[in-house]
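Heads up, the thing below is written out as structure tokens.
As the structure lists them, so they are numbered: ligands from 1, and atoms in each ligand from 1.
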Amino acid sequence: MAPVTTAADTMTRREWATEVRRLAEERDAVILAHNYQRPEIQDVAHHTGDSLALSRLAATVDASTIVFCGVHFMAETAKILAPEKTILLPDPDAGCSLADTITAEQVREWKAEHPGAVVVAYVNTTAAVKAETDICCTSSNAADVIRSIPEDREILFLPDQFLGAHVKRVTGRENIHIWMGECHVHAGIDGHTLRRRVESEPDAEVYVHPECGCATSALYLVGSGAVPQERVKVLSTGGMLTAAEKTTAKKVLIATETGMLHQLRNANPNTEFEAVNSRAECHYMKMINADKLLNSLRYGTTEITVDAETSALARRSVERMISIGSPSRGGE
Ligand code: 13P
Ligand code: SF4
């Protein structure tokens, strides 16, 4: 088994995993990992899942500490939902280019231009931005969140333009204004790349995350008859996992961050899962590694806090989010 090199020592993967679980027990900690984490982190975590599932878990798990193997906004969301718990992020610099596309000040200015509008924020936002919003959503419940808002109310959707365009399309709602932010990883999975891959794999199914630059092109390919409708699905990472378990396709092309492939391959060894763009890697997600997780459990680093006022304002919005939509995926 490949050794895992840590600052303190060198151990096998199995020894490392045993030590991680031992330290977690000692600290009364539960380890949550997002589907984009490194394979060894996903495997050692108590639960691996999509943003919505992990938020729901953060709100309900019994442990007094949560070690969040994900990015900063996810750890902040966990703190907002579980203020009494200690939330650790193994690398506090694990950020998100999408969350960085809008500040609280910009939300205030946007709201001033649209008085009375309902502000819907994708969970990939800072706590300060969430505090300025009415309701949060993730990719797995975004359409349900939009449908929960009375038809006649104007909506400001932020910060992801591609997810915004997707929910506008699936809900048929016209009165949505969309912030033009994007995630650099998903924006890089563009329509041109998708078309090329689909043309070279005409029998493959295609799962597309709605944050992708190619989400519109995927549906255009369906509309133009280039790919049959039943073979293209726009899904959150948790939705991809559920679809992967059921599919009988020989090959599925995956348009999202490449960390997702690990879960999909484990879920269904009879199907080949391939990235649409194999360079679509989120370096923020990959900042959490074996060494940092071990140190986080050993030394209690790095604790994430959210000030009480911001937290109270953001909590209303985040709690609305976790109460909407069907259960999403976060398993042992
Ligand atoms: P989901 O897990 O909600 O699909 O989110 C994807 C993502 O980009 C998280 O950063
Ligand atoms: Fe943010 Fe994109 Fe990385 Fe997700 S994949 S954490 S949206 S930068």
Side-chain angles (χ1 to χ4, degrees), residues 32-38 41-42 45 47-58 68-78 89 91-102 120-126 129 136-145 158-164 166-167 179 181-190 207-215 233-244 254-264 275-277 279-288 318 321-322 324-331:
L32 303 184
H34 189 266
N35 289 322
Y36 297 160
Q37 288 289 295
R38 294 169 186 272
I41 303 290
Q42 296 190 29
H47 304 277
T48 299
D50 65 12
S51 316
L52 184 58
L54 296 179
S55 298
R56 286 181 170 145
L57 282 161
F68 216 114
C69 296
V71 293
H72 196 273
F73 76 80
M74 295 182 173
E76 272 190 339
T77 306
L89 180 62
D91 188 331
D93 293 330
C96 170
S97 61
L98 176 56
D100 286 345
T101 61
I102 191 162
V120 179
Y122 191 32
V123 71
N124 298 38
T125 42
T126 62
V129 164
C136 286
C137 69
T138 73
S139 55
S140 64
N141 72 353
D144 290 329
V145 166
L158 62 93
D160 190 69
Q161 58 176 299
F162 300 113
L163 180 63
H166 175 67
V167 291
W179 190 260
E182 63 182 28
C183 148
H184 70 293
V185 180
H186 285 91
I189 310 173
D190 58 20
Y207 299 171
V208 180
H209 195 279
E211 273 180 38
C212 284
C214 66
K233 298 180 170 66
V234 180
L235 298 165
S236 70
T237 60
M240 286 184 187
L241 197 51
T242 303
I254 302 297
T256 193
E257 208 274 350
T258 55
M260 191 64 219
L261 294 168
H262 180 62
Q263 287 286 319
L264 299 174
V276 167
N277 178 349
R279 292 184 310 282
E281 201 172 86
C282 174
H283 70 278
Y284 296 115
M285 284 281 179
K286 301 315 191 243
M287 285 167 88
I288 313 299
V318 176
M321 168 186 90
I322 61 172
I324 293 179
S326 50
S328 57
R329 298 296 301 259

Does some side-chain heavy atom of P159 sit less than 4.5 Å from a side-chain heavy atom of T125?
-> yes
How long is the span from the SG atom in C69 to the NE2 atom in H47, to the nearest 0.5 Å?
-> 12.5 Å
So do the side chains of M74 and M285 get within less than 4.5 Å of each other, counting heavy atoms only?
-> yes
Could you find the nearest protein heavy atom to atom 3 (Fe) of ligand 2 and give me its residue, atom name and distance?
-> C282 SG, 2.4 Å
Side chain proximity check, L52 to M321, heavy atoms < 4.5 angstrom | yes
Atoms of ligand 2 close to S97 [distance to a heavy atom under 4.0 angstrom, numbered from 1] | 8 (S)
In terms of ring plane angle, is the pair Y284 and H184 parallel, tilted or perpendicular, where the classes change at 30° and 60°?
-> perpendicular
Does a side-chain heavy-atom distance below 4.5 Å link T138 with D50?
-> no
For atom 7 (S) of ligand 2, the closest protein heavy atom turns out to be N124 ND2, 3.1 Å
Nearest-neighbour protein heavy atom for atom 1 (Fe) of ligand 2, which is reported as residue plus atom name and distance = C96 SG, 2.4 Å
Only one of Q37, K286, H34 forms a side-chain hydrogen bond (donor to acceptor under 3.5 Å, both in side chains) with E257, so which one is it?
-> K286
Under the side chain to side chain donor-acceptor pair (under 3.5 Å) rule, what do Y122 and S51 come out as? Steps first, then yes or no, please.
-> CA-CA 10 Å; Y122 191 32; S51 316; 5.4 Å; no
Run through all N or O atoms in ligand 1 and write down each protein N or O closer than 3.5 Å, as a pair with its distance.
residue	atom	partner	partner atom	Å
ligand 1	2 (O)	H34	NE2	2.7
ligand 1	2 (O)	S51	N	3.1
ligand 1	2 (O)	S51	OG	3.3
ligand 1	2 (O)	T237	OG1	2.8
ligand 1	3 (O)	S51	OG	2.9
ligand 1	3 (O)	S139	OG	3.0
ligand 1	4 (O)	S139	OG	2.9
ligand 1	4 (O)	H209	NE2	2.8
ligand 1	4 (O)	T237	N	3.0
ligand 1	4 (O)	T237	OG1	3.3
ligand 1	5 (O)	S51	OG	3.3
ligand 1	8 (O)	E211	OE2	3.0
ligand 1	10 (O)	N124	ND2	3.3

With a cut-off of 4.0 Å, which atoms of ligand 2 are near a heavy atom of E211?
-> 7 (S)
Taking every non-hydrogen atom, the tightest pair across Q42 and T48 = O-OG1, 3.0 Å
What residue and heavy atom of the protein are closest to atom 2 (Fe) of ligand 2, and at what distance?
-> C183 SG, 2.3 Å
